[in-house]
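Being a predicted model, the structure only gives us computed values, none of them experimental.
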Amino acid sequence: MSTVRRAAVVLVAVSALALTACGPSEDGAAGGTGVPATTPPAAPSSSTTPTTPTTPTTPAKPSKSVEPSKPGKPSASAKPTTPSSPSTDPDYDVFPCSTYDLKFTATLAEPTTSSYLLKITNKTGKPCRVLGHPVVTFGDLDGQATRRGTAPGIEGAIRLAPGESAYAGLMGGPKSAKSRTVSSIAMTMDTESDLEQVPLKAATPGLNVSDDNSVTTWMDNAEDALSL
């Protein structure tokens with residue numbers, strides 16, 4: 001019987017110890033709720049200087065994007081040049097004859113009047129236009145022969161092909177106390193320009209020079225040149 005009691009006492013003691021281990025903490029025993037108390041944060045030390053919050057930097061305004069330059073208006077394309085139709089005039093590119101294009105001779109045609117037939121011949125390989133009157137001077141004398149008759153315009157000018165000739169009549173003047181005789185003449189062409197020419201010379205033995213000397217316009221035949 002005593003052994004049973006001892007076992008019961010031991011059992012009661014063990015139970016008591018178990019209940020003590022599972023029971024509330026001291027705080028709970030003091031009337032706490034059983035929830036652990038939260039430890040308040042420590043007060044900042046007086047020696048620590050509070051950090052001033054940094055002012056946030058104002059973000060820079062985005063720069064305006066550079067607008068791409070507007071392409072210039074394309075220049076109006078030049079209109080294609082309409083090729084000019086060739087002239088219907090076969091002589092549109094034939095230029096006036098000058099002394100550089102010609103051979104020149106003078107032949108006595110009428111001894112009694114001391115008249116000479118002047119002749120020019122195209123010595124080049126291309127045609128040229130014979131314009132107006134020849135410009136005739138007399139040896140070392142001043143002045144020139146008077147123009148006789150009216151010359152046709154450029155439309156009526158003689159077209160002188162290579163090897164072809166044109167003619168003019170140089171009329172001598174009557175002998176007088178004031179007249180002079182020369183043995184040569186010089187001739188240049190009317191080119192309707194300021195082209196400088198080398199005068200072409202021809203022998204004219206016994207040519208009487210006076211105020212009555214005259215020269216005809218160029219003709220395409222000798223007979224007309226002497227009858228004008």
Side-chain angles (χ1 to χ4, degrees), residues 89-228:
D89 182 1
D91 295 336
Y92 76 98
D93 60 347
V94 177
F95 297 100
C97 301
S98 73
T99 57
Y100 301 104
D101 306 313
L102 308 168
K103 291 189 298 184
F104 173 59
T105 60
T107 305
L108 181 62
E110 179 56 58
T112 57
T113 59
S114 189
S115 296
Y116 279 80
L117 177 66
L118 309 183
K119 178 183 177 181
I120 54 174
T121 303
N122 185 350
K123 66 179 182 180
T124 70
K126 59 183 181 180
C128 60
R129 292 179 186 266
V130 179
L131 305 180
H133 296 75
V135 180
V136 178
T137 57
F138 305 100
D140 297 330
L141 302 180
D142 293 332
Q144 62 186 46
T146 302
R147 295 180 177 184
R148 185 185 182 106
T150 302
I154 191 169
E155 296 299 329
I158 299 171
R159 182 182 187 276
L160 207 61
E164 291 186 344
S165 300
Y167 307 87
L170 176 62
M171 310 306 172
K175 291 183 179 182
S176 67
K178 294 182 180 181
S179 65
R180 298 279 302 275
T181 300
V182 296
S183 59
S184 67
I185 60 173
M187 186 276 301
T188 56
M189 299 293 293
D190 179 5
T191 62
E192 294 188 348
S193 71
D194 57 358
L195 174 68
E196 292 187 9
Q197 303 176 69
V198 176
L200 299 179
K201 295 183 178 181
T204 55
L207 175 61
N208 191 60
V209 179
S210 69
D211 294 337
D212 296 327
N213 292 101
S214 63
V215 65
T216 68
T217 184
W218 292 109
M219 305 284 185
D220 56 8
N221 64 85
E223 184 177 355
D224 289 344
L226 292 172
S227 62
L228 184 61

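The neighbour count for Asn221 CG, taken as heavy atoms of other residues, nucleotides or ligands under 6.0 Å away, is above 12.
The line from CG of Leu200 to OG of Ser98 is 9.0 Å long, rounded to the nearest 0.5 Å. Taken to the nearest 0.5 Å, the OG atom of Ser183 stands 9.5 Å off from the CG atom of Leu207. Note that CG of Leu102 and OG1 of Thr124 are 8.0 Å apart. Values are rounded to the nearest 0.5 Å. Atom-to-atom distance recorded for Glu192:CD and Phe95:CZ is 13.5 Å, nearest 0.5 angstrom. To the nearest 0.5 angstrom, Ser179 atom OG is 10.0 Å from Asp212 atom CG. With rounding to the nearest 0.5 Å, the separation of OG1 in Thr105 from CG in Leu117 is 7.5 Å.
Ser184 places no side-chain N or O within donor-acceptor distance of the main-chain N or O of Ala203, the cut-off being under 3.5 Å. Formation of a donor-acceptor pair under 3.5 Å by the Thr188 side chain with backbone atoms of Gln197 is not found in this model. Under a 3.5 Å cut-off, the side chain of His133 and the backbone N or O of Arg148 do form a donor-acceptor pair.
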Check step by step if side chain to side chain contact (heavy atoms under 4.5 Å, CB included) holds for Cys128 and Asn122. CA-CA 8 Å; Cys128 60; Asn122 185 350; 4.0 Å; yes
Side chain to side chain contact (heavy atoms under 4.5 Å, CB included) between Met171 and Thr216: does it pass, once the steps are laid out? CA-CA 8 Å; Met171 310 306 172; Thr216 68; 4.1 Å; yes
Run the side chain to side chain contact (heavy atoms under 4.5 Å, CB included) test on Asp101 and Leu160 for me, step by step, so that the C-alpha distance in whole Å, both residues' side-chain angles and the decisive distance to 0.1 Å come before the verdict. CA-CA 10 Å; Asp101 306 313; Leu160 207 61; over 6 Å; no
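Within the 4.5 Å cutoff, the side chain of Thr217 has heavy atoms near those of the Pro152 side chain. You'll find the side chain of Leu118 reaches within 4.5 Å of the side chain of Ile185, heavy atoms only. Using a 4.5 Å cut-off on side-chain heavy atoms (C-beta onward), Ile158 and Tyr167 make no contact. Counting heavy atoms from C-beta on, the side chains of Val94 and Lys126 never come closer than 4.5 Å. By the 4.5 Å heavy-atom criterion applied to side chains, Pro127 and Arg159 are counted as neighbours.
The two residues Gly132 and Asp190 have their closest heavy-atom pair at CA-OD2, 4.2 Å. Residues Arg180 and Leu141 come closest through the heavy atom pair NH1-CD2, 3.7 Å. Here the closest heavy-atom approach between residue Gln144 and residue Phe138 is recorded as C-CE1, 4.0 Å. When every heavy atom of Phe104 is checked against every heavy atom of Ala202, the shortest pair comes out as CE2-CB, 3.5 Å. Of all heavy-atom pairs spanning Pro134 and Met187, the tightest one is CB-CG, 3.9 Å. Closest approach of Thr181 and Asn208 over heavy atoms only: OG1-OD1, 3.9 Å.
Taking the side chain to side chain contact (heavy atoms under 4.5 Å, CB included) definition, one finds that Thr121 meets it with Lys103, Lys119, Ser165, sequence neighbours left out.
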